[in-house]
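Right, one structure below, let's go through it.
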Amino acid sequence: MKTQLILLFTIILLCEYSESKYVSWFPNVFDTFTNKTAQLTNYVKEKGRSIRNFYVQNVRNKITYYFGGNKNGTKIYEDKQLRIKRKFQNYLDESEANDNKIFDSIAPEESTYKCDDDPSNQMTTPQLLVMNGYPAEAHTVMTQDGYILTIHRIPYSKNATSKTPARKTVLLHHGLLGSSADWVLAGPKKALAYILSDSGYDVWLANARGNTYSRAHVSRNIDTFAFWNFTFHDISQNDLPAVIDYIMEIKGWDIKINYIGHSMGTTVLFALLSTKTEYNKVLRAGFALAPVAYMTEIRSPIRLLARFSNNIEFLMKLLGANEFLPQNAVLRWLAKHACEINHYEEAICENSLFVLCGHDEKQFNKSLLPIILGHVPAGASTRTLIHYAQEIRNVGKFQQFDYGPEGNFRQYGTADPPEYPLHKITLPIALLSAENDWLAGDSDVNSLYLQLVNPIDHYVVPLKEFNHIDFLWAIDAPTLVYAKLLQLLEEGASDSYFSSNFERVISV
Ligand SMILES: *[C@@H]1O[C@H](CO)[C@@H](O)[C@H](O)[C@H]1NC(C)=O
Ligand SMILES: *[C@@H]1O[C@H](CO)[C@@H](O)[C@H](O)[C@H]1NC(C)=O
Ligand SMILES: *[C@@H]1O[C@H](CO)[C@@H](O)[C@H](O)[C@H]1NC(C)=O
Ligand SMILES: *[C@@H]1O[C@H](CO)[C@@H](O)[C@H](O)[C@H]1NC(C)=O
Ligand SMILES: CC(=O)N[C@H]1CO[C@H](CO)[C@@H](O)[C@@H]1O
């Protein structure tokens with residue numbers, strides 16, 4: 001508890017300090033370039049350095065402040081953190097001297113960019129937003145275990161008269177192998193982030209540890225197992241609270257955040273709400289697209305890994321110990337078994353996201369393929385994949401990582417890993433699922449829905465072929481999913497809907 005308080009305080013400190021730092025350059029970019037021109041391309045290439053410097057300053061200041069921890073004479077964390085500070089400073093100096101590593105990872109420069117390509121294929125999320133005329137911000141958030149996350153934001157509508165952030169707040173969390181880019185790749189009027197912004201929301205886009213924008217840590221090198229030693233559990237316990245607290249610190253503690261997750265973005269929400277139950281009161285409502293908790297009815301080839309999932313060492317050898325490598329032999333093998341390889345599907349079948357989640361030809365907009373392949377997969381740890389494989393093997397159990405009996409005793413003090421107590425989730429939650437989902441099967445979503453103390457709705461997309469990633473990029477996603485989602489979001493606008501619903505359930 002004490003540690004938590006200190007951490008919370010630290011997060012507050014971090015947030016306060018950063019507030020004045022982030023706004024300066026994005027509006028500038030926004031004003032200068034609002035269309036996709038050769039000039040923008042050059043700008044991106046030339047300004048890579050100044051963007052990088054922005055991150056250098058931002059992160060360095062933040063970390064110095066964090067470890068200095070000197071607020072009104074109160075020194076926090078000092079002794080313990082001094083060592084890490086020194087270590088990190090060395091790392092920082094080294095990175096700067098070599099002109100690479102940590103900050104390139106946060107804001108990758110466009111070094112692999114080819115001039116005849118459409119530049120948007122390689123653009124970062126804020127660059128895409130700016131290119132489409134939307135205001136964009138990037139914020140750096142540090143988790144209590146030292147991961148440095150970069151989250152993105154569209155603070156107000158493109159056509160808003162006032163340039164102050166909207167009060168209505170929504171946090172979007174991507175799925176496995178995804179990033180904030182998932183929510184914008186389909187472009188204005190199509191992609192959910194733009195639609196929400198157009199509807200007057202302050203839109204925040206999370207990036208979990210390990211993905212394109214969150215590949216840095218105060219002391220762990222990205223090339224080490226120590227960095228990649230995490231599963232979705234760690235994202236739920238550390239990344240989500242850090243991001244939510246950060247947003248509230250920026251917007252005020254009375255703000256109520258709507259949470260929209262896709263796939264793993266829903267898993268981490270359920271894991272968070274069932275363990276750190278105070279977040280049930282902090283958020284306003286949860287909207288789960290392609291929800292994944294129980295995994296008994298799995299058509300994804302990930303099920304093929306399930307039977308090995310008690311042999312973690314073997315799987316690590318198979319998949320790569322650290323980052324789940326998108327181009328390995330196993331995946332190619334899975335691809336062969338998952339898709340009927342034909343001409344244009346070749347690219348799809350080599351991409352881990354499509355291999356694991358399936359592909360729906362009718363709803364897939366082929367023109368989006370280059371930009372999707374340019375952004376996906378965005379990085380995930382092998383351990384997260386193994387964790388999911390374990391869920392499949394332990395049919396019907398949504399639980400923490402299984403280290404085997406001995407390891408579990410060391411980690412949890414019990415022979416079996418603890419299950420997530422879903423009945424402790426009191427946040428109003430809506431589930432939006434699809435019949436042809438390889439990862440979130442009907443019966444699993446139904447049993448999840450029955451567990452919810454305060455369900456809002458379970459909406460099944462009225463199209464048989466609709467699948468797991470169609471929630472992001474399907475041609476008809478705006479009409480089939482987002483319209484309903486907006487309606488559910490707005491219905492709660494009075495808040496009385498939620499509170500009365502809540503009371504009803506409590507009184508039962
Ligand atoms: C796009 O930007 C270029 C360079 O700033 C400018 O010359 C051109 O007029 C712009 N086009 C539109 C439609 O705004
Ligand atoms: C912004 O414009 C879109 C159409 O592009 C419209 O649907 C929306 O209502 C507008 N939002 C605001 C806040 O004016
Ligand atoms: C990996 O994480 C687990 C659980 O947090 C921990 O017990 C273990 O020591 C870590 N291993 C390494 C090498 O960091
Ligand atoms: C497919 O994507 C392209 C590129 O974003 C877009 O111009 C086009 O309108 C989309 N087609 C459909 C049917 O949504
Ligand atoms: C008592 C005191 O010195 N309070 C100061 C603590 O720091 C904040 C700024 O971080 C000042 O506004 C307070 O006056």
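Quick caveat, the model's predicted, so the values are computed rather than measured. Every number for a ligand or one of its atoms is a count from 1 in the order of the listing.
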Practice problem: For Arg209 and Asp145, run salt bridge (charged side-chain N to carboxylate O under 4.0 Å, His left out): C-alpha distance rounded to whole Å, both residues' side-chain angles, the deciding distance at 0.1 Å, then the answer. | Solution: CA-CA 11 Å; Arg209 57 185 62 189; Asp145 54 350; 2.9 Å; yes
Quick check against the 3.5 Å criterion: does [X] have a side-chain atom that pairs as donor or acceptor with the backbone of [Y]?
X	Y	answer
Thr267	Val292	yes
Trp204	Ile154	no
Ser197	Ala193	no
Asn467	Asp470	yes
His387	Phe230	no

Self-check item: Ile475: numbered ligand 4 atoms lying under 4.0 Å from its heavy atoms
Solution: 13 (C), 14 (O)
Quiz item: Quick one: which ligand 4 atoms are inside 4.0 Å of a heavy atom on Lys190?
Solution: 12 (C), 14 (O)
Present, as a list of atom pairs with distances to 0.1 Å, all nitrogen or oxygen contacts under 3.5 Å between ligand 3 and the protein.
unit_1: ligand 3; atom_1: 2 (O); unit_2: Asn229; atom_2: OD1; d: 3.2
unit_1: ligand 3; atom_1: 2 (O); unit_2: Asn229; atom_2: ND2; d: 2.4
unit_1: ligand 3; atom_1: 7 (O); unit_2: Gln411; atom_2: OE1; d: 3.3
unit_1: ligand 3; atom_1: 11 (N); unit_2: Asn229; atom_2: ND2; d: 2.9
unit_1: ligand 3; atom_1: 14 (O); unit_2: Asn229; atom_2: ND2; d: 3.1

Quiz prompt | Distance flag, aromatic centroids of Tyr194 and Tyr134, threshold under 6.0 Å | solution = yes
